[in-house]
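Accompanying notes for the structure given below.
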Amino acid sequence: MRRVLLVEPGYKNKYPPLGLMKLSSYHKLMGDEVHFVKGCVASFRETTWDRIYVSTLFTFFWSATMQTVKYYLRAVRSPENLIVGGVMATLLQSDIEKATGVRVLPGLLDRPGILDSDSTVVVDGLIPDYQILESIEYEYPVRDAYIAYATRGCPNRCGFCAVNKIEPTFRHYCPLPRQVKGIEDVYGPKQDLILLDNNVLASRSFKRIIGDIRHLGFERGATLNGRMRRVDFNQGVDARKLTDKKMALLATTAIRPLRIAFDHISMRDLYVSRVRLAAKHEVLNLSNYVLYNYTDTPSDFYQRLRINCELNEELGTQIYSFPMKYIPLTARNRSHVGPNWNRKLIRGVQCILLATRGMVSPRLEFFEAAFGRTPEEFETIALMPNEYIIHRRLHENNGAAEWVDIFHSLTKPQRRVLYDIHADGRVTEAHYKRTTSPRFRRLLEHYIEADRIEAARRT
Ligand code: SF4
């Protein structure tokens, strides 16, 4: 019997670590003793493990992940016994190997013998072990759900997406009944069905998949214990492939929300037509990842958010927008700035979302209050000192009003200077001292004063 430790780095995440849950099933099947921990916990490295697995997620979690790997290195006899897998491990394999000397397993565990040469078990095909989640204090927001795949991979190759590197082969059908029943038999029925498919609409077996979903108790209007059940293709569906027929099929399930991507304003007509299609089939609860900081502009981003609110007013839909900042596939932090954005505009979006508790209101009236009534107003808000954006009510009649006034009176060259300053980072005393125009100086002074208020608030 081997002693095995499964580690998920300490960052916050919504979904339980499916890969580790399957590894737990694998090692329990092998008769091994399995423990699970989230983050760096001293008691778990005071003993020696036969094997430690560390899961990885986005590459921008590089620091937290490397810190975790290094933390547990002394709890194995040799670095070879510490195995790293998952998304970041696939994208940055050699970087991790160079930095730590551990064993990195890229891609999926979808063949036998990857972990133990004499084993015939395919880890990826195992029923995930939900029990390990009970052993930690961290509560994943998604817990009472079957987490499964009806397909794997994606036939497309969008430039900003890592799917074809992680799951290079598109599998049209992965039997859901086996996965769902397998979980139910051991852990009892779950409320919701979360499907991690990357592009289910590209599947030749789409009709069969929908049939499976319905037969598993997730037909439209289905309830469990008096509560509505929910099917969520959490990676979204591809608007280009959403035909009337496929929409009609989706509408026979308990899908909520229906997630459709709206990555660029050039997709406007297609996107709007697909939302109309959903409304026609009475699928009214929609959700929309709005990619920004890629090749888009701030105006393009604003318009996409606004279109969702306008569609809600017109069609009676509830489209919730989730701005998603683009970060290059292999970036080790989140500092990337797209060609049409600057640091302040990006921070401005984050401050607006802080003020609205992370929500983009589906109602036009509240959206306009937060993001402005026009793309120009949005840009003005996003350029304001952060403190003025986050605590808008508090400052709107004094500091913020004066700042807006001066901002509107800036000459074109002065605006360019302001953008250059923001491209560099924060407004500092040095910028202020270098400026000769009294009005421009006063504008810069607002940033310095607002930073002081923000700093005092934090202490
Ligand atoms: S369609 Fe979606 S999953 Fe497929 S490559 Fe593009 S972004 Fe990735």
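Counting starts at 1 for both ligands and their atoms, following the listed order. Note that the numbering runs from 1 along the sequence shown for the chain. Below, each value reflects all heavy atoms present in this structure, side chains not excepted, and no hydrogens, waters or symmetry copies.
Listed by chain and number, the residues in a ring-ring contact (aromatic ring centres under 6.0 Å, His included) with Phe367 are Tyr302, Phe371 (sequence neighbours excluded). Remark: Phe60 engages Phe58 in a ring-ring contact (aromatic ring centres under 6.0 Å, His included) (not counting sequence neighbours).
Using the six-membered ring where Trp is involved, Phe378 and Trp341 have ring planes that are perpendicular, over 60° apart on the 30 and 60° scheme.
We find that Arg2 and Asp50 are not joined by a salt bridge, their nearest charged nitrogen and carboxylate oxygen being 4.0 Å or further apart. We find that Arg259 and Asp232 are joined by a salt bridge, their nearest charged nitrogen and carboxylate oxygen being less than 4.0 Å apart.
Identified under the ring-ring contact (aromatic ring centres under 6.0 Å, His included) test for residues 235-286, with sequence neighbours left out: Phe262-Tyr271.
For atom 8 (Fe) of ligand 1, the nearby protein N/O/S atoms, meaning those under 2.8 Å, are Cys161 SG.
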